Amino acid sequence: MRRETARRIAVDGGAALVLVLALGGTAVLSASLRAAERASGWALFALVVGLAAYHLRKRLPFLPLGSSATWMALHSRAGVLAIVVFFVHAGGRLPAGALERVLALLFWAVSGSGIVGLLLTRAIPRRLAARGEEVLFERIPLLRRRLREQAEAVVLGVAEASHLGTLAGFYGRELAPFFAAPRNFWPHLSGSGRPLGHLLGGLAAIERYLDERERGGAARLASLIRAKDDLDFHHTHQAALKGWLFVHVGLTWSLLLVGLLHGALGELFSGVDP
Amino acid sequence: MSQPAGADPRAPRDPVATEPAAADATLRVPRPRRWDVPFGEMGEGDLDRLLGLEPFCSMDPTRFSPAVPLRGVLANDTRLVRFGRGDIVVREGDYGASAFLIVSGAVRVLAGLPAAMLGRLESRRRGWLSLLAQPWTNARAPEVRDLARAAHDARVAERRAAAGETRIFLQDVPGVLDRHGSVRLGAGETFGELAALGRTPRTASVFAEEESELLEVRWQGLRELRARDPALKEFIDRRYRERSLATHLRETPLFRHLDPRALEALAQETVFESYGRFDWHGSYRALAGEVEVRLADEPVIAEEGHYPNGLILIRSGFARLTRRHGHGQLSLSYIGKGAHYGLEELVANWRSRQQVPLGRTLRAVGYVDVLRVPTAAVERHVLPALPPEPAPAAPGPGGAGPSDARLPQPLIEFLVDRRFINGTAAMVIDLDRCTRCDDCVRACAVAHDGNPRFLRHGPRQGSLMVANACMHCADPVCMIGCPTGAIHRDPARGQVVINDATCIGCATCARSCPYDNIQMVEIHDRRGRSLLDEATGAPILKAAKCDLCIDQLGGPACQRACPHDALVRIDLTRPDPLGEWLER
């Protein structure tokens, strides 16, 4: 049996067992509504703590605590389990109390960001692998600056030789902002090629006003535009992969704090009849 | 390789002749020749003296080709080296590319010297407390070294030899001789031929017992001498037969069922052959052109369509399996140390009494050392004792044979052409899964005092990337020439590691690494101050590279840190592990 198949069976089997135990325990305790809520609430909190422990595991990569891939598999299953337990604990409605509402919203935000992240981590790597050269995120500003300098050199060279500013004018209007910073985040993320088409189309439209030397410069600019577009593509997708994790982890810590407060208040006032 | 007869191979050559062709501005330059860079400085007097000594005085100069005469071999492929009393000549475990002839003086050969005396790291793993403390005890400055530990073992010392080379010598020669059994070799005797020709680790350490003059012969010269002089060939072959062959054959799975007498008979009939170049690591990148150009540079060991005249065992190095396809050659797979070739055809012929030709061509990739067991010997000793099932099928025309890889053909060519097949623990990243989170880089940094030991970047084939991380090569060319033995293979686990305490920053290993996976780094103390040479003021450098987390529990941190199973440290010397990983 392959390693990954064995891991999936172990993780899925474990998750199913925990789910059965949690639902069974809740059913047994459901004779007393308060006891059931208390049990499902603490079970949910324990699950969220367990989910957040993955972040701690990432901070201690040198310890033999199992591979991160195994933790990741457990993390995604435990996340689904947490959603089920949340339904058992709070039902499908928005709670009445302000703290509970914040807590519920935080839970959904964490769960939602987790699901989005899972989808992103499945989809984006293939997109990145399929387009352009592999680039390190930290090197993107340097590569962008090099492309900008090359583009400026092309435009200046052509302008000096031809004494005409047709290409330079187009560069100043359309291309200087494009080469100056990362562009077209959402179009890249949605897979749209329209901004690239717009720039290349604009360059093609002025071609009939250019002499042969300027046309050579325009062709070189077109290849630099494509290279910059590839760089933006990588920047967009790598930033999305890093950004969602930042949101997910930040929300998780808030959820833990508010959840702990909610549990403590519940325990404090558990003997008080409404 | 070739040059006019009688020409002095070391004669100065014309400077680069700049004769630009009119149309494409090409440049005409002298073609690089074999002896452009001689091994050492040999004077005419030295050559005359050597030619008067055994074994050279007994060699027949007419057996040598005019392009590569005996005197030329001695002038360009050898050098005279002087060693003082106690100087270590070779270390046990070193990978050498040369053999030695004792011209005067004497040396001692001994095994089992402590690792510290050989400049090696003592193999150890960190404890749990030390591991847990890493995030807090790791240095804030990059490449911090503990000065108190940066010293040689007290039993050895370092000195500068006449040619500017560094020598490590034993402080207490009588003490070492008292504690370790040794063999004395005197003038006229040789050592190191088998390690040099087979590119295998030295099996013993050698140090000079007294002031000695040794003739060091690099492998190119040794191979030339062995090919031209029957006595030397017979001497080396006999020595290999006595010392290594029986063990090698016994350890070959195919021969495990043979009784000792059959093994002995096989050993007597086995022929040794070498193909390709030892210095492949310096030349393979120049062949980054058409596949057919690269294939033309790979000597054919056995050719498709020919009658199998023996069973070929790969003793060291790598070979590519190809098959004719249209007007070209299709790379089917590659094989390395321990693999065999031709068995399927031999079995098919023996069982069917027909003549099935070889189904694939076997080509030397870099340097290959093979053993050829003649067909008659295989039919006499091996095939009758072969279990009837499963019978290996001979590869038919047009189809892949049973040992062909499960890897896509472009991936095989990528791995072979870039010589990644040398890696026993290459870092392969599946870019279809990698989220570029850099958890691997951070984990590596935490495990190495804050300094990542690889770059998450490297050549790609499709969605697979081989990252710039030490591959812990089967043929570790980085280990050749280290003057202090600082870079070495861990005797217990096999990783190629560097002992910081004995690394002198000469960069020999970094220059030798064909994959640019060793960096020379400037070092600092714990306060972040750069450490400078007190004599020259130049920064002190140390070689740094991946050590496969040798001192950590649980294996390589990079692999364990990947959340998506996108990164693996994998043995590429065989195609199967990668094939299995890709099918996971």
Side-chain angles (χ1 to χ4, degrees), chain A residues 1-8 54-76 117-140 234-246 248-249, chain B residues 125-126 128-135 138 429-449 455-468 549 551-568 580-584:
Chain A
M1 189 186 300
R2 292 200 182 94
R3 191 164 50 101
E4 188 153 328
T5 311
R7 181 163 62 206
R8 278 185 190 150
Y54 180 36
H55 186 64
L56 193 67
R57 154 69 184 85
K58 284 189 167 197
R59 295 275 178 183
L60 304 170
F62 42 85
L63 292 181
L65 298 173
S67 75
S68 185
T70 303
W71 276 77
M72 182 65 201
L74 278 170
H75 186 80
S76 55
L118 199 64
L119 296 175
L120 288 179
T121 55
R122 294 288 183 274
I124 288 182
R126 287 179 191 279
R127 283 195 190 185
L128 286 171
R131 181 155 170 191
E133 288 291 309
E134 184 67 20
V135 285
L136 296 176
F137 190 70
E138 295 72 18
R139 282 178 57 83
I140 288 177
H234 276 262
H235 180 269
T236 296
H237 287 85
Q238 293 196 41
L241 283 170
K242 289 176 195 302
W244 86 262
L245 189 62
F246 182 75
H248 185 64
V249 171
Chain B
R125 283 198 194 278
R126 289 188 184 206
W128 272 86
L129 276 180
S130 168
L131 285 178
L132 274 170
Q134 278 180 121
N138 277 351
I429 299 178
D430 181 351
L431 295 175
D432 277 346
R433 288 188 178 211
C434 173
T435 61
R436 285 76 171 171
C437 64
D438 278 334
D439 279 359
C440 50
V441 180
R442 278 189 288 275
C444 179
V446 173
H448 296 94
D449 206 18
L455 187 62
R456 188 179 55 75
H457 206 264
R460 275 179 63 174
Q461 209 294 312
S463 62
L464 283 192
M465 173 196 280
V466 180
N468 276 122
C549 294
D551 61 347
Q552 305 281 320
L553 297 172
C558 51
Q559 181 176 325
R560 285 184 295 125
C562 181
H564 305 286
D565 223 2
L567 183 155
V568 69
E580 283 168 19
W581 188 69
L582 291 176
E583 290 168 9
R584 68 196 187 283

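All of these numbers come straight from a predicted model, not from anything done at the bench. Here is how names work: the chains are called A, B, and so on, in the same order as the sequence lines, proteins then strands, and each is numbered from 1.
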### Query
Among residues 455-462 of chain B, which ones touch chain A with a heavy-atom distance under 4.5 Å?
B:Leu455, B:Arg456, B:His457, B:Arg460
### Query
Out of curiosity, B:Asp565 CG to A:Met72 CE, how far, rounded to the nearest 0.5 Å?
12.0 Å
### Atom pair CG (B:Leu431) and CZ (A:Arg126), whose distance is rounded to the nearest 0.5 Å
11.5 Å
### Query
Within a reach of under 6.0 Å around CZ of A:Arg131, are more than 12 heavy atoms found that belong to other residues, nucleotides or ligands?
yes
### Message
Taking side chain as everything from C-beta outward and backbone as N, CA, C, O, which of these in B:Asp430 sits under 4.5 Å from a heavy atom of chain A? Side chain, backbone, both or neither.
### Response
neither
### Summary
Per-residue tally against chain B (heavy atom, under 4.5 Å) across A:Leu245, A:Val135, A:Leu120, A:Leu128 peaks at A:Leu128
### Query
Are there residues of residues 57-65 of chain A that reach to under 4.5 Å of chain B by heavy atoms, and which ones?
A:Arg57, A:Lys58, A:Pro61, A:Phe62, A:Leu63, A:Pro64
Side-chain touch [X]/[Y], heavy atoms, less than 4.5 angstrom:
X        : Y        : answer
A:Pro125 : B:Asp432 : no
B:Pro563 : A:Ser68  : yes
B:Arg436 : A:His237 : no

## Note on the structure
Bottom line for A:Glu134: the part with an atom under 4.5 Å from chain B's heavy atoms is both
### Task
Under 4.5 Å heavy-atom distance to chain B, tell me which part of A:Leu241 shows up: side chain, backbone, both or neither.
side chain
### Query
Sequence neighbours excluded, which residues qualify as side-chain hydrogen bond (donor to acceptor under 3.5 Å, both in side chains) partners of A:His235?
none
### Query
Taking only residues two or more places apart in sequence, or in another chain, which ones meet B:Asp551 in a side-chain hydrogen bond (donor to acceptor under 3.5 Å, both in side chains)?
B:Arg126
